[in-house]
**Student:** 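Can you read through this structure? Questions will come right after.
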2 protein chains.
Amino acid sequence: MPVKLKQLAELLGLSQTTVSRALNGYPEVNAKTRQRVLKAVRETGYRPNRAAQRLATGKAYSIGLVMPIASGIGSDIHFGEFLAGLAEEAVKHDFHFVLNPSAPEDEESTFRRLAASGNVDGLFLAHMRASDPRIAMLKSLSIPFIVHGRSIGGSKDYPFLDIDNTAAFYEATRLLIQLGHRRVALINGQEHLAFAIRRKKGVTRALTEWGLDLDETLVHHSVMTDGYGYRSMQRFLMQPNPPTAVLCSSTALALGAVRAINQAGLTVGTDISIIAHDDVLPMLKPENFSVPLTTTRSSLRAAGARVACRLIGGILERGAYPDQELWHPELIVRASTGPAPGK
Amino acid sequence: MPVKLKQLAELLGLSQTTVSRALNGYPEVNAKTRQRVLKAVRETGYRPNRAAQRLATGKAYSIGLVMPIASGIGSDIHFGEFLAGLAEEAVKHDFHFVLNPSAPEDEESTFRRLAASGNVDGLFLAHMRASDPRIAMLKSLSIPFIVHGRSIGGSKDYPFLDIDNTAAFYEATRLLIQLGHRRVALINGQEHLAFAIRRKKGVTRALTEWGLDLDETLVHHSVMTDGYGYRSMQRFLMQPNPPTAVLCSSTALALGAVRAINQAGLTVGTDISIIAHDDVLPMLKPENFSVPLTTTRSSLRAAGARVACRLIGGILERGAYPDQELWHPELIVRASTGPAPGK
DNA sequence: GCCTCCTCCCAAAGCGCTTTGGATGCTCCT
DNA sequence: AGGAGCATCCAAAGCGCTTTGGGAGGAGGC
């Protein structure tokens, strides 16, 4: 049997009220008393009963994610990583993390049901699309939420955590240009997703600044698996005027691209340069590629954890977090980038 | 404000006790009264408050899954599908589904913590390995659990749901043999996983019955992505005596295999036959392959749902489920299988 | 007719926490 | 000296459900 508040109070010769207040950071408790309480908690290993807290406070102490099924997102390699971050952080705070699979067409009603049920105190939004209608909808439901990524267009006043996709791909492209590359290709994520749009923008911007154009035939959009990476690269190589450098939106895509390059008898880093975005997937480490991959790096799991931390913090009204965060991926140069051939 | 038990009782002119009993299926309630109660529930839309139930009963009304991180399983395409089934079913019963990411080396302590915390009433076990130690461990923790898959060796008295992998691949192989194939290859899942072992066994058995051998150079084990499917197939084709038929443990593997075949200038279904196991991944429908795929089919999501249903049923002590289930995948013939060339 | 035994229902006591609405001393100011 | 005002603590009332321990009334046995 675990220790209960009552026993802890008796042990300390205090009332339950005071102990509870000491634990929850209320001001009307003497600092010394609070220390005593905290010490006793440590010694007895007391943990408040969440069920009782839920009942007493009306809070659910849980956060939810609506996970789309049938669209393939649920089966995306990157999704599990994000999930792990979320769940890990939730467990840490003793929050329940509630996964809600939903067909895309039922998404709206799922959100409504979830918000109304009182089963969760807050929600996550991911896989942002350009001008994503879900943001307005969650606002109208008046339930706390936080977005992983950012919409494009629409109002900007919602809490989010995003990485600076534009800057990352701008900088990656700039590096390629500096290395002498003039024809660069982009193997990107699905066209409707906000991050893909921004990455393309970053590439375009860099090229434009150097007076170059992004050739639309050198841009592919797809689900980010190595299969598609392979196919895209293969098609690029079949062009009369193939690119000398390729940007990949994921190391998974890069894996396929590298295969296509090798198969064509070319060498990564000398014949063709590659820069990929690295979500820090444990399965696909860029340093383990046959030719270690130059990448823009930002951990997807860390993003999940951060997002969860902020949402939970908001619910508990503890800790002050910025409402909007933009992480800047690092550009890490390894061996897959080199001067353009013939320069 | 939602309807509460008290109001419902007043409305019916009954005590809370009686209403509660009527709802929870206790015998000491008149059948007519129970009908009245159920009707009122329907009309008022009453839903018991889970937090209160948790507190009063001491049950958590939640089920947990320990999700391995860093090993790549969390990033497995098939994992999301299984997850969706679990979560969907949990939501349906108003259970919380708690995801617990854990590094493989911490798995044991994660199980312990989870069982001790009282945060979950039951656990899932998946990704069974041969003679998996986790089964004995969960037994010793005396917390209800259910296994997706089966261990190989060790005691057999634990609840599981598995598909008959041996039979499925036996029958698939038999079909190939009947079609005249004599050299069949196997692109399988990771070698240490129980399902992969059983599938190989099925293939071996069928071949042996017809006096054939499974050539070990025609068996590859790997994570089941199309990239590995491609690579395996490619290597098979480079052999002096390549197979005329291939079995794939996943449609993802098959996707890659098909690509390799096409690239070699061969045609699926005539030059080389393929049978894949179809987990019914929404992204990878066998009927949408350029040459529709012959498959052994068993929905992974359905398995997740069933497993959740049984675990929840056990916790609520409602409904009688078999303790061990073995689903038999269907063998569905499409266009990717045909007579062996030259026959 | 009386007592026992079911059947069906109820009042009230928790479950373990938070929160309201005071108490109790003390200090401080005029 | 006498409140006002503050700091610190407490008793008790919930939160919404389940469960214990009866109690009323009718059927059945003798």
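In the text below, chain A, chain B and the rest are named by the order of the sequence lines, each starting its count at 1. A quick note: this is a predicted structure, and the numbers were derived from the prediction, not measured.
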**Student:** Rounding to an integer number of Å, can you tell me how far A/Lys59 NZ sits from D/dG16 C1'?
**Tutor:** 19 Å

**Student:** Rounded to whole Å, please give me the gap between CG in B/Asn30 and P in D/dG26.
**Tutor:** 14 Å

**Student:** May I ask you to list the residues of residues 5-22 of chain A, by number, that have any heavy atom positioned under 4.0 Å from an atom of DNA chain C?
**Tutor:** A/Leu5, A/Gln16, A/Thr17, A/Ser20, A/Arg21

**Student:** Taking the six-membered ring for Trp and the full ring for Phe, Tyr or His, determine whether the centres of B/Phe95 and B/Phe97 are under 6.0 Å apart.
**Tutor:** no

**Student:** Can you tell me if the side-chain N/O atoms of A/Asn49 get under 4.0 Å from OP1 or OP2 in C/dC17?
**Tutor:** no

**Student:** Which of these nucleotides, C/dT18, C/dG16, D/dC9, is closest to any side-chain atom of A/Thr33?
**Tutor:** D/dC9

**Student:** Quick check with a 6.0 Å cut-off and a 45 degree axis cone: is B/Arg50 positioned over the face of B/Tyr61's six-membered ring?
**Tutor:** yes

**Student:** Between B/Glu28 (CD) and D/dG21 (P), how many Å, whole number?
**Tutor:** 14 Å

**Student:** As a quick check of understanding, evaluate salt bridge (Lys or Arg N to Asp or Glu O under 4.0 Å) for A/Glu89 and A/Arg306, giving each step before the final call.
**Tutor:** CA-CA 8 Å; A/Glu89 192 67 20; A/Arg306 175 67 181 180; over 6 Å; no

**Student:** Side chain of A/Ala52 only, heavy atoms from C-beta on: which candidate in C/dC9, D/dC9, C/dG16 is closest?
**Tutor:** C/dG16

**Student:** How long is the gap from OH on B/Tyr321 to CD1 on B/Ile146, to the nearest 0.5 Å?
**Tutor:** 10.5 Å

**Student:** Grab the NZ-P distance between B/Lys4 and D/dC15 for me, whole Å please.
**Tutor:** 7 Å

**Student:** Consider side chain to side chain contact (heavy atoms under 4.5 Å, CB included). Of A/Thr18, A/Asn24, A/Thr17, which one does A/Arg21 pass it with?
**Tutor:** A/Thr17

**Student:** In degrees rounded to 10°, what angle is found between the helical axes fit to the five outermost pairs at each end of the helix from C/dG1-D/dC30 to C/dT30-D/dA1?
**Tutor:** 50°

**Student:** Would you tell me whether B/Asp157 and B/Ser155 have side-chain atoms, one donor and one acceptor, within less than 3.5 Å of each other?
**Tutor:** yes

**Student:** For A/Tyr46 and C/dG16, give me the distance from atom OH to atom P, rounded to whole Å.
**Tutor:** 10 Å

**Student:** Rounded to whole Å, how long is the line connecting atom CD of B/Gln35 with atom P of C/dC8?
**Tutor:** 14 Å

**Student:** If you compare every side-chain N and O of A/Asn24 against the phosphate oxygens of C/dT18 (OP1, OP2), does one of them come in below 4.0 Å?
**Tutor:** yes

**Student:** Whole-Å distance between C/dC17 P and A/Leu55 CG?
**Tutor:** 12 Å

**Student:** Centres of the B/His148 and B/Phe82 rings: under 6.0 Å?
**Tutor:** yes

**Student:** For C/dG16, does OP1 or OP2 lie under 4.0 Å from any side-chain N or O of A/Gln53?
**Tutor:** no

**Student:** Does a nitrogen or oxygen in the side chain of A/Tyr26 sit under 4.0 Å from OP1 or OP2 of C/dT19?
**Tutor:** yes

**Student:** Is it true that, when you exclude B/Glu317 itself, more than 12 heavy atoms of the residues, nucleotides or ligands shown sit nearer than 6.0 Å to its CD?
**Tutor:** no

**Student:** Can you check whether B/Tyr61 has a side-chain N or O nearer than 4.0 Å to OP1 or OP2 of D/dC17?
**Tutor:** no

**Student:** Do the side chains of A/Glu88 and A/Lys92 get close enough for a salt bridge, i.e. N-O under 4.0 angstrom?
**Tutor:** no

